[in-house]
Structures are given as C-alpha cells and as structure tokens.
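Here is the structure we will look at, set down as structure tokens.
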Amino acid sequence: MDLFEYMEQKNKEKESPLAARIRPETLDEVVGQEHILAPDKLLYRAIKTDRISSVIFYGPPGTGKTTLAKVIANTTSAEFMQLNATVAGKKDMEQVVEQAGRTLAMSGRRTILFIDEIHRFNKGQQDYLLPFVEDGTVILIGATTENPYFEVNGALISRSQIFELKPLSPDSVAELIRRAVYDETKGMGAYNAYIDDDAVEFLADMAGGDARHALNAVELGILSTEPDPDGRIHMTLDVASECIQRRVMRYDKDGDNHYDTISAFIKSMRGSDPDAAVYYLARMLEAGEDPKFIIRRIMICASEDVGMADPQAIVVAEAAAGIIERVGMPEARIPLSEAAIYVATAPKSNASYLAVEYATAEVARSGNLPIPPYLQDSHYKGSAKLGRGIGYQYAHDFPGHYVDQQYLPDELADKKFFEPGENGYETQVREYMHRIGKL
C-alpha cells in the first residue's frame with residue numbers, strides 16, 4: 001500500500017458511519033455473544049490461537065458477524081481478503097484464489113477469505129470455491145442473515161463450522177451506546193456529547209438486539225442536536241425517541257423468522273391460547289406480512305385442528321377472508337383478529353383431518369376397488385340394464401331418515417376412517433353415530 005492508498009483508506013475510515021468506526025478491533029473488545037465467545041468456547045480459543053478454520057457466521061443484522069471477521073483479520077497471521085456477495089462475481093473470486101495460491105506458494109501463508117452476504121452467491125459461484133477450501137488455498141469465513149442449511153451449498157457447509165449469533169441483549173447494546181458516545185478516538189467523544197440513562201435504555205430496548213440500529217440513532221441524535229450554552233451536546237430521551245421512532249422488526253418473508261412466527265401463530269391457535277395468537281398475528285402484520293397469507297393459515301387451522309368440534313370455525317375464517325379482500329389494511333387486522341381468536345378458543349379435534357389421511361392411505365394401498373353396483377349411477381343410457389343402481393335403499397324412505405346399508409366397497413366393508421371425538425359438536429356426532437350403530 002502506497003502513501004496515497006493509505007491516506008485514502010484513513011479518510012474513508014474517518015467518514016464511515018459510527019457503527020463502522022466503533023467496531024471492535026480485538027476479541028476482548030467484542031460485546032455479547034458469550035455463548036460462542038466466552039473464554040472456554042471453541043471460537044474464542046480458535047481466534048486467540050490463530051487456528052481458525054472455515055466458518056460461517058449466521059445471525060440477524062447488527063449482531064457482530066462482520067465484526068468477528070474484522071477481529072480475525074486483526075489477529076491472524078494469514079492474509080485476509082474480503083468480498084461482498086452482493087457485488088462480487090466469479091472474476092473477483094478468481095483473482096482472490098489466484099493471489100491466495102501465489103501467497104501460499106511463495107511464503108507458505110494461507111489466505112482467509114471473508115465473504116459477506118454469502119447466501120447471495122448462486123450455486124455455481126459457491127461451487128467454484130469448493131476445491132480451494134478443500135485443498136486449503138483459502139480459509140472461508142462466510143456471513144449470512146439466512147439459514148445456511150437452506151441457502152449455502154451443502155458441500156461448503158460440510159467443510160465449515162456454523163456459529164449462530166443471537167440478537168444482542170439490551171445490556172450489551174447499552175454498553176455499545178455508551179462506548180460510542182464517549183469514545184474520543186473512534187466514537188462521538190470529540191463532539192463533547194453526553195447521554196441520559198433513560199435515553200440509553202430506550203435506544204437499547206428499541207434496537208431489538210441490532211447494535212447497528214442503535215448506533216445509527218446515536219450518531220443521528222448527536223449530529224442533529226445543537227450544543228448547550230456550555231458547548232455540550234445533550235442527548236435526552238426526547239432526542240433518542242426522535243431518532244429511533246419504530247422498534248426493529250426482524251421478519252424476512254423468505255427467512256427463518258417468517259417460518260418461526262407463522263409456526264408459533266398456528267401452534268398458539270391449536271393450543272387454545274388467544275393471547276399468543278393475536279400477539280404473533282400483530283407481529284406479522286407489523287412486519288408487513290400479506291393478510292391473505294395469514295388468513296389462509298387460519299382457514300387451514302380451522303379445518304385441521306378444530307374440524308367437526310366446531311364446524312362454524314371454517315365459516316368464520318372464510319367470512320374473514322372475504323372481508324379482507326374487500327376492505328384491505330389496516331382495517332383487515334380486525335377480522336383477522338376475530339378469526340384467529342375464534343379458532344383459538346374453539347373446541348379442538350383433528351378427527352376430520354385424520355379421516356382423510358387414513359382414507360388417502362387406504363386408496364394408495366388398495367387402489368380403485370369396485371363400487372357396490374346399487375351405489376352406481378343408473379341414469380346413463382343402458383346403465384339400468386347392467387344392474388347399476390338396482391337395490392339402492394333411499395334413506396328418506398325409512399324412519400329417522402336412516403337405513404342400514406353398506407356404502408364402502410366389499411373389501412372395506414368394516415373399515416373405519418372417521419372417529420368423532422368428545423369435544424364440542426363432535427359429541428353430538430358421536431351420539432348420533434352410536435344411535436345408528438356406526439360406533
């Protein structure tokens with residue numbers, strides 16, 4: 001690096017956002033993630049002893065994935081190179097691999113390649129790295145906000161350690177906020193600023209475990225606040241609330257949080273907890289989930305988990321679906337809430353679901369068994385002459401509008417698929433079936 005490149009890099013660092021400037025340079029400066037960075041943990045030991053192998057850091061934004069890569073860059077004796085998968089292509093990777101090969105051949109030093117947003121690489125790009133990770137030309141450090149088991153090549157996964165980073169605790173975010181405000185070298189200390197404790201607590205809570213979000217708010221607050229008469233910048237709770245007006249909602253419609261939240265929503269309705277159901281409903285709506293997706297899940301739950309215990313559940317869900325089509329958001333949240341609460345508080349039975357599952361399995365096993373002739377249609381030309389429909393007993397011609405008659409194929413005459421439960425309306429169904437001798 002020549003003098004001009006050095007000055008360019010220093011100026012760039014100086015003009016970088018606070019979240020980038022305040023980033024830790026050593027392992028001991030890292031805040032949070034004790035589950036993988038406590039002194040007795042594998043990752044901590046590997047970094048400290050410069051024995052890092054290929055790893056993938058997986059977690060929400062602002063939890064320290066890039067920070068850990070930078071710490072490794074500052075502590076390793078290996079060459080360190082970085083690519084961002086949102087802008088890098090195969091040519092960039094070829095250049096890195098070529099340089100890594102030369103470095104290894106000439107000095108015996110290995111190269112650590114950090115790829116941010118690695119899930120953005122397509123399968124072909126990820127496949128290109130495989131032989132060079134395999135033979136040790138590069139040590140891969142990948143960072144991703146997506147579940148690597150879905151988004152990263154399985155062969156790369158098998159050659160890497162996966163470390164999941166968790167959202168930072170409010171205490172950890174608060175520590176970073178104070179460091180950012182008062183650090184005179186990399187933080188905002190040169191602005192002679194100070195921050196109230198309630199403002200720190202507010203920002204740490206609203207950040208939702210995302211340190212970058214909190215630090216961006218700190219920087220905005222200090223830069224946009226006029227100094228006091230004594231020349232100090234006072235960051236109060238009012239200033240903090242203006243800088244971070246909305247809580248961070250972690251919800252990627254194609255990612256883990258999407259599936260985890262809808263799973264919790266369905267299980268809450270199935271488990272008859274209306275409070276949890278409307279809570280997860282609100283989380284999805286606040287994050288921008290499509291109401292039509294939500295009502296489809298409610299309709300399925302009404303069929304699968306409530307079923308015949310309360311046949312009105314599916315009617316309520318269907319009615320809510322129609323209202324949502326007509327009114328849209330934000331009013332659509334009201335029929336969504338009503339339908340979710342109805343399904344959650346309805347008596348539960350999966351007997352209807354099990355009945356069709358058992359019947360489907362039987363059809364797959366036994367195929368198209370002959371339908372009893374008396375149940376076959378007799379209206380088509382010549383059907384009656386073939387004996388179809390002859391002998392059928394019309395239920396309404398008998399007392400109680402019921403006649404004991406075999407409807408299943410002969411081979412399945414005694415087969416039972418539907419077993420009514422003892423919840424809600426199914427108790428009446430069970431009594432009726434007992435009365436006519438079907439149970």
Smallest heavy-atom separation, E164 atom then H35 atom, equals O-NE2, 2.7 Å

Q: Kindly indicate, with the supporting measurements, whether the criterion salt bridge (charged side-chain N to carboxylate O under 4.0 Å, His left out) is fulfilled by E175 and R179.
A: CA-CA 6 Å; E175 182 179 341; R179 181 186 297 179; 3.7 Å; yes

N/O donor-acceptor pair under 3.5 Å between Q33 side chain and T63 backbone:
yes

Closest non-hydrogen atoms of I139 and R110, given as atom of the first, atom of the second and distance, are CG1-NH2, 3.6 Å

Heavy atoms from other residues, nucleotides or ligands near NZ of K292 exceed 12 (cutoff 6.0 Å)
no

* N84-T86 side chain donor-acceptor pair, cut-off 3.5 Å -> yes

Quiz item: Just wondering, do L156 and L140 contact through their side chains at under 4.5 Å, heavy atoms?
Solution: yes

| Taking the side chain as C-beta and beyond, is there a heavy-atom pair between I22 and K186 under 4.5 Å? | yes

In short, Y182 meets I195 closest at the heavy-atom pair OH-N, 3.2 Å

Exercise. Given side chains that start at C-beta, do those of M93 and L83 come closer than 4.5 Å, heavy atoms only?
Worked result: yes

When rounded to the nearest 0.5 Å, the distance separating CG of L336 from CD of E331 is 12.0 Å

Exercise. Using a distance-only test with no angle check, is there a side-chain donor-acceptor pair under 3.5 angstrom linking D305 and Y353?
Worked result: no

Look only at the side chain of T75 and the backbone of V71, and say whether a donor-acceptor pair between them is shorter than 3.5 Å.
yes

Q. Between N74 and T26, is any pair of side-chain heavy atoms under 4.5 Å apart?
A. no

Correct closest heavy-atom pair for G62 and L168 would be O-CD1, 4.0 Å

Under 3.5 Å, is there a donor-acceptor pair between the side chain of D92 and the main chain of G89? yes

Is there a donor-acceptor contact under 3.5 Å from the side chain of S303 to the main chain of M299? yes

Here the gap from I36 atom CD1 to I162 atom CD1, rounded to the nearest 0.5 Å, amounts to 11.5 Å

I would like to know whether T137 and D135 meet side-chain hydrogen bond (donor to acceptor under 3.5 Å, both in side chains); could you show each step before the answer? CA-CA 6 Å; T137 302; D135 67 14; 2.6 Å; yes

- Query: Under a 4.5 Å cut-off applied to non-hydrogen side-chain atoms, are Y44 and L27 in contact?
  - Reply: yes

Q: For atom CG of D40, decide whether the heavy atoms of other residues, nucleotides or ligands shown that lie under 6.0 angstrom number more than 12.
A: yes

Distance col, row H234:NE2 vs D196:CG, nearest 0.5 angstrom, shows 3.0 Å

Side chain to side chain donor-acceptor pair (under 3.5 Å) with T144: of H119, E151, E117, only one passes, and it is H119

Any side-chain donor paired with an acceptor under 3.5 Å for S77 and D50? yes

Determine yes or no for a side-chain-to-main-chain donor-acceptor pair under 3.5 angstrom, with Q125 supplying the side chain and N122 the backbone. yes

Quiz item: Between E426 and G421, is there a donor-acceptor pair closer than 3.5 Å when you use the side chain of the first and the backbone of the second?
Solution: yes

Does either side chain, that of S54 or that of R159, offer a donor lying less than 3.5 Å from an acceptor on the other one? no

Worksheet item: Are side-chain N/O atoms of S169 and D171 paired as donor and acceptor at under 3.5 Å?
Response: no

For N423, is there any backbone N or O sitting under 3.5 Å from a side-chain donor or acceptor partner on T427?
no

Smallest heavy-atom separation, G187 atom then L18 atom, equals CA-CD1, 3.8 Å

On a heavy-atom basis, the closest approach of P227 and I233 is CA-CG1, 4.0 Å

Rounding to 0.5 Å, atoms CD1 (I177) and CZ (F202) come to a distance of 10.5 Å

- Query: Okay, side chain of R297, backbone of F293: is any donor-acceptor separation there less than 3.5 Å?
  - Reply: no

In the structure I gave you, are the side-chain heavy atoms of R232 and Y194 within less than 4.5 Å of one another anywhere?
yes

Query raised in the report: Hey, is OH on Y358 packed in by over 12 heavy atoms from elsewhere, all under 6.0 Å?
Result: no

Checklist entry - Is the shortest heavy-atom distance from the side chain of M235 to the side chain of L203 under 4.5 Å? => result yes

If you count the non-hydrogen atoms of other residues, nucleotides and ligands that lie under 6.0 Å from CG in D230, is the total more than 12?
yes

Interatomic distance, NZ@K65 vs OH@Y58, rounded to 0.5 Å, equals 10.0 Å

Exercise for review: May I ask you to decide if A46's main-chain N or O and R51's side chain share a donor-acceptor pair within less than 3.5 Å?
Suggested key: no

Spell out, as yes or no, whether a donor-acceptor pair under 3.5 Å connects the side chain of Q126 to the backbone of F121. yes

In terms of side-chain heavy atoms, does T66 have a donor or acceptor partner in K70 at a distance below 3.5 Å? no

TODO: Evaluate the side-chain proximity of E289 to I294: yes if any heavy-atom separation is below 4.5 Å, no if none is.
DONE: yes

Separation between CD1 (I222) and SG (C243), nearest 0.5 Å, reads 9.5 Å

